[in-house]
Amino acid sequence: MEDTPFDVVILGTGLTESVVAAALSKWGFKVAHVDENSYYGGNEASLTLDEFVEWIDTPPPHSSKISRASRSSEVPPFARQYSICLCPTIIPSTGPFIDALVQSGVSKYSSFRLLERIAVYDGSGGLKNVPGSKEDVFKNQDISLIQKRRLMRFLTFAIGDFEQSSELQDKHDLPFTVFLETVFRLDKELVDVITYALAYSNKEADSILTILHRIRRYLRSAGRYGPSPFLVGHYGGIGEITQGFCRAAAVNGAVYILGKKIISINAAETLNQSINEESPKSDLSKNHPQYSVTLEDIPGPLRTDVIIGTNPYVSNQFLSRRQYSPFSSDLKAAYKANPIARCIAIIESPISMSFPSKVGEDDNEDSEQEENARNSNDKVDTAVLVLPQGSVSGGSSKFSAVALMTGEGTLSTPKGKYILYIALPVEPDAAVDPSQILHPYIDVLLKLGREVAQEPIFTAFYIENAGETSPHAVGDPQHNVHGSWFIPPPVPLEPLGDIADIATRNAENIFRNLLDILDNDGEHSRRVNTLSGGIWPQLIDLEEEEV
Amino acid sequence: MPPTAPASQPMNVKLLLIGNSSVGKSSLLLRFSDEQWLPEDESSATIGVDFRVHKMEVKGKKIKLSIWDTAGQERFRTITSSYYRGAQGIILVYDVSNRETFEALPRWYSELETYVSSSVIKILVGNKLDKEFSRQVTAAEGQQFAERMGSLFIEASAKTSVGVKEVFTEVVEKILETPELWANSTKHSTSNGNGGMPGGVQVLDLRNDAPPQDAGGCSC
């Protein structure tokens, strides 16, 4: 490898690490980005079906992240035409992630489609459309006039600056559902829709403000690229976009090495101590980097003062010293998160998104119009379906399950095939069989709008844990100037619409903290501080795009 | 162009460069798009070349070519699968004065087999023709191998410009003659999000984006 040391060696090509790699490279730092897997994306990778099968059968090394995996023995044909994302997400049209995409220029490597539909399972074989905007509320025929007016009032409240509003006064401690029922007098059905499918709230502990902020972000995202607040990434979403950040890093000089085992990571401990005692750090740090990372089949170690690496790469010898994570509270929250039972099913017809009117209500007229609406509904290619707690018999009474369907319109499947991602939080340490606890949900989803349930052509089940190991004590960056190991917080597993934004925020935090360490003369910090909030240097490659 | 011709939108064509390190991929690109040549002591492993947009006219059709470079990710064979998305033509480059780069080609072809549909047009380019005196791969060998792999073939020199323009025009002509590659041309037209513009996000229209169907073979 090169004789000159790297400013940073990054281990793992997950979303957070890749955003950091792109930002550092764009600011001119010398980055080596390494992944022991032969594919990009780590836990957020998008894999072809045959790669996914291999991943299920032989989970990545030293990972306790995935457990109890199982799959259909038969793998359907055209396996290479699938892009299965290990981290299914929908992306709000405004927010840190979209900002990072645009400001970094990575948006030119990726494309999206709008999420077409969000619906809630009604507990009796039907779905309710989720009104994501005032327009939706007007058009919705299932909601009574009076409830419509109340819902409008709530949406107006939620999209506005509600923090100081009278509605919220003294209500901060109420459960969100009670708040909706008492302050806005919404009926139970609408309360469920708002809580589970507009706010994706799965925790009773979520505070009203947390939930309201989330709803406001989503409501304000609507209309930027179309009626839906959410985008779905092509070719498997996050995993594909993560590759885009890696390419941006490579274009700016980052060195990429994948599929090579990390043989050792050594720290020059004694040397470092003597340096600290005897001389100013900056003089010697370039000549005596703290760490040397040795990779299989790659001659010469990668030398650096700074490592960013997720936990599987942190060997015990480093745990007692020097490494730290600057995000203690985020990190703890992420590790406390519930594991998720996941199902990935491949189906041959889309989940029916028709919304049959309830018997006994005013459903006699406009049958032809409705028929047409249903037909077009049935062509839905990308949709989110929420199955609230207690709505599925044999299902969870505590957590709601969320299903994301992506079809050929997201370029992630062969023609006429759809990927259905189902996620259900489970209790930590519960010895549950994911296929067993998810089966009631699959049965409901595959039966929607059909006489006979459709048979998936492939299914896989597994439990995904929130983090690899428990978090470590948080050190003080000031005392780790010479030789630092950053541990990025794990990418959250839910809610669906927040994952990319949270990971991006974490990446930005790491970048800013790194800047304090890497930036000897303070020049970069000054330049970054002139940016209004972002971390990306102004794009200068307009000549390539020739308008 | 005849004055009666309707002002038509140019057709978008996406080309990729692949091949071993230092065979002159970026040099070919810069010679073609910017008429530039960096002497060897000044050019280093690719930094900063993302892609180039070049407008040209082929057989009376206006073409907007975007030509993508590997960003140095070929060095440890870590080209992202996303690099290959939507490509209609691939330019595989080797160095006629370096046999090793020619012998590495089967591995690049097998990567193509993995990531792009079989209808994508391939052209094999023996670069550094100016180093005739130290040639290690004959033109006949190159030609023969290209034929076996169903590719076009040309020898060129980014240094002297010989053959460079032909590389790009030949591959574009062949792409224009291949209807399978245009089955999903709507996918390039974005109606939302300022796709393709700096600062934009490509959001494809819900109704127009016929899925790209590869006529058999595998896809990305």
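Letters go in sequence order (proteins before strands), and every chain restarts at 1.
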_Centroid separation under 6.0 Å, is that true for the rings of Phe102(B) and Phe145(B)?_
yes
*Below 4.5 Å from any heavy atom of chain B, which atoms of Tyr40(A) appear? Answer side chain, backbone, both or neither.*
side chain
Show me the donor-acceptor pairs, under 3.5 Å and distance only, between side chains in residues 240-247 of chain A and residues at least two apart or in other chains.
{"unit_1": "Glu240(A)", "atom_1": "OE1", "unit_2": "Arg85(B)", "atom_2": "NE", "d": "3.1"}
{"unit_1": "Glu240(A)", "atom_1": "OE1", "unit_2": "Arg85(B)", "atom_2": "NH2", "d": "2.6"}
{"unit_1": "Glu240(A)", "atom_1": "OE2", "unit_2": "Arg85(B)", "atom_2": "NE", "d": "2.8"}
{"unit_1": "Thr242(A)", "atom_1": "OG1", "unit_2": "Ile238(A)", "atom_2": "O", "d": "2.8"}
{"unit_1": "Gln243(A)", "atom_1": "OE1", "unit_2": "Ser81(B)", "atom_2": "N", "d": "3.1"}
{"unit_1": "Gln243(A)", "atom_1": "OE1", "unit_2": "Ser81(B)", "atom_2": "OG", "d": "3.2"}
{"unit_1": "Gln243(A)", "atom_1": "OE1", "unit_2": "Ser82(B)", "atom_2": "N", "d": "2.8"}
{"unit_1": "Gln243(A)", "atom_1": "OE1", "unit_2": "Ser82(B)", "atom_2": "OG", "d": "3.2"}
{"unit_1": "Gln243(A)", "atom_1": "NE2", "unit_2": "Ser81(B)", "atom_2": "OG", "d": "3.0"}
{"unit_1": "Arg247(A)", "atom_1": "NE", "unit_2": "Asp50(B)", "atom_2": "OD1", "d": "3.1"}
{"unit_1": "Arg247(A)", "atom_1": "NH1", "unit_2": "Asp69(B)", "atom_2": "O", "d": "2.8"}
{"unit_1": "Arg247(A)", "atom_1": "NH2", "unit_2": "Asp50(B)", "atom_2": "O", "d": "2.7"}
{"unit_1": "Arg247(A)", "atom_1": "NH2", "unit_2": "Asp50(B)", "atom_2": "OD1", "d": "2.9"}
{"unit_1": "Arg247(A)", "atom_1": "NH2", "unit_2": "Asp69(B)", "atom_2": "O", "d": "2.7"}

_For Glu44(A), the option from Leu15(A), Thr13(A), Leu86(A) that meets side chain to side chain contact (heavy atoms under 4.5 Å, CB included)_ = Leu15(A)
*Heavy-atom distances under 4.5 Å only: say whether Leu101(A) touches chain B with side chain, backbone, both or neither.*
neither
*Side chain, backbone, both or neither: which part of Ser110(A) has an atom under 4.5 Å from a heavy atom of chain B?*
backbone
*Any Lys/Arg nitrogen of Glu348(A) or Lys417(A) sitting under 4.0 Å from an Asp/Glu carboxylate oxygen of the other?*
yes
